[in-house]
2 protein chains.
Amino acid sequence: MRNPNRVFKDAIYEQFARIGKAVSSPKRLELLDLLCQWERTVEALAKETGLTVANASQHLQALRAARLVETEKVGVFVTYRVADQVVCEFFRSMRVLAESRLAEVEQIKRRFLEGREGMEPVDRDALIERIREGAVIILDVRPVEEYNAGHIPGAMSIPLKELERHLSELPHNQEIVAYCRGPYCVLAIQAVEMLRAKGFNAVRLEEGIQDLRAIGFPMAVGEEK
Amino acid sequence: MRNPNRVFKDAIYEQFARIGKAVSSPKRLELLDLLCQWERTVEALAKETGLTVANASQHLQALRAARLVETEKVGVFVTYRVADQVVCEFFRSMRVLAESRLAEVEQIKRRFLEGREGMEPVDRDALIERIREGAVIILDVRPVEEYNAGHIPGAMSIPLKELERHLSELPHNQEIVAYCRGPYCVLAIQAVEMLRAKGFNAVRLEEGIQDLRAIGFPMAVGEEK
DNA sequence: CAATTATTCAATAAATTAGTTTATTGGTTG
DNA sequence: CAACCAATAAACTAATTTATTGAATAATTG
C-alpha cells in the first residue's frame, strides 16, 4: 500500500475520526453538553455525571486530546471549558441529527415524561412568541453561573435548589415559563412540578440556551438589572 | 443507581453516542463521504476505499445501524445511500470542526500538495466570483453519476479517466477551473496536473458540491443541455 | 514542613471493536 | 438445476477502549 493518494486519505480521515472518537462515548457527550453551558472543575463534572473523579478526568482528557475542550489550572483546581463555541454548535447538530434519525430518542423522552403532570408538549412557537412579547414570567432554573453565561433577556434567575425559598417572589396571576439546559435536562421539569403543586400557573420551555441561540434568539449575559 | 433521572440521561446520551460511534472510524467516514456524493454498491465502495468487500459490508452495516445510510436491493446488488441530506450536512460540520480545531489536517494537506505544480492556494472568493460570472470554463471531473446528482450550473462533465481523450474539446485561450468532491479528493488535482502538462491554463477549486451548497451556491442536476 | 486536597497517572480486568478468513444466503444465468 | 455472483454471516485473532483501583503529583493550608 505505497499509493500516496491512499496514504493521504487515510491520514485525513484518521484526523476526522479523532473528533468522532471523542463523541462516541455517552459519558463524554454528557460532559460536553454540560461544558457547553459553562466551565466546571473535574470534581463538579464528576458529581453531575455520576462518574468517579478519575474516570471523569480520563474522559475529559480524551475530549482535550481531540481539542474540543481546554483546561486552566487555578490553584488546586483544574477548570475545563469548551475550546470554541463551534464545538457546542457541532454537539447540537449531532443531537438534532440523533433526534431526527433515531426514533428511540423520542420514545425514551416520552416514557420518561409520561405520568408527569403538566409536561404535555406545548405549542413551542406560540410560547416563544409570548416570551418575545414579554407576556409571561420567564424563569431560569439553572445554577447562577450558567445564567450569567447567557440567558433569555428579562428572565429571572432562581436555581432549582433555591426555588422553594423564593416562591413568594413569584406571582400567582401570571403564567410562568421555566427553562433550563435543554430537552434532556430535568431541572425545568422539576421546577414546573413544584410550582404546579404550589398552585402556580407554570409551563416548561423545552428549548435550552443553545437551541434558542441557534434560532437567532437574542441572549443576555451577566446579572439582570 | 435507581435514580430515574440518571436512567433517563444514560439512555439519551447512549442514543447520541450511536451517531458518534458510527463516525468514529476513519473508514466509515470515508464511506460516508463518498455516499454524500452519490449512492453506490458495496463492491464499488470497497474498491474505492481499498477495503475488502466483507469489511466494507461490516462498516456499512454499522452506518445503517445508526440510521445514517439506507439500502436497496436491486437484483444481486445492494445499493447504499445516505438516509437523508442532513447526514451530509452533519458530516460536513464534523469536517469543518476538524479543520478548525486540528492543525494536523492543514499540515497533512500541505505536505501532500507540496512540490506539485500549480496547486498553490488560489483566492477562493475571487475564483468563485469568476465562476458565478461565467468568466471561466468549469470542469467537473467526477464520475458522471455524481455530476448528474448535482453540479455547478454550466460545468462540463469530463470524468478524470476520460479527460485525456477529450482534451480537444477544451480551449487553450481560456482559464479552466476543475473541481471534484472537495478538498480531500484528488481527482481535480490530477486533472489540473494533466491539463497544465498539456499547456492548458488550469486551476483547481478546492470546494466540493457540499461546500458550495452550504454557502448557498445554486446547483444543477441531470445532464446539461 | 507535614497534612490535605484536587487531579492525574499507571496497572489491571472486562468489554468492545476491527480486520481476516471461510462459509452461507439469495438471486441470476446458462 | 447447476454454476455463478454480490453480499452477508460467522468465527476467530488482535487491538483498542472502558471502568476501577491505588499510587503519584502538585498546589494549598495549618
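Side-chain atoms of B/R18 and B/Q15 form a donor-acceptor pair, as typed in the model, at a separation below 3.5 Å. Under 3.5 Å, the side chains of B/S57 and B/Q61 contain a donor-acceptor pair of N or O atoms. For the residue pair A/D33 / A/Y184, no side-chain donor-acceptor distance below 3.5 Å is found, with atom types taken as modelled.
Dashed line: the shortest gap from a side-chain N or O of B/S57 to OP1 or OP2 of D/dT8 is under 4.0 Å. Within the structure, every side-chain polar atom (N or O) of B/Y80 is placed at least 4.0 Å from both OP1 and OP2 of D/dA6.
Atoms CZ (B/R18) and P (C/dT17) sit 12 Å apart, rounded to a whole Å. In this structure, A/F77 places its CZ atom 17 Å from P of C/dT4, rounding to the nearest Å. Rounded to an integer number of Å, the gap from B/R64 CZ to D/dA9 C1' is 12 Å. Counting to the nearest Å, the C1' atom of C/dG19 and the CD atom of B/Q61 are 15 Å from each other.
For B/F8, the ring pair (Phe, Tyr, Trp, His ring centres under 6.0 Å) criterion is met by A/F112, not counting sequence neighbours.
Between B/V192 and B/I189, the closest side-chain pair of non-hydrogen atoms is not below 4.5 Å. The shortest distance between side-chain heavy atoms of B/E193 and B/R204 does not fall below 4.5 Å. For the pair B/Y179 and B/I209, the minimum side-chain heavy-atom distance is below 4.5 Å.
Ring geometry, B/Y147 versus B/H151: the interplanar angle falls under 30°, so the pair is classed parallel (tilted spans 30 to 60°).
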task = Encode nucleotides 17-30 of chain D as B, S and - characters from 5' to 3', where the letter depends on protein heavy atoms closer than 4.0 Å: B to the base, S only to sugar-phosphate, - to neither.
result = SSBBB-----BS--
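Annotation: proximity of residues 38-49 of chain A to DNA chain C (heavy atom, distance under 4.0 Å) is found for A/T41, A/V42, A/E43, numbered in ascending order.
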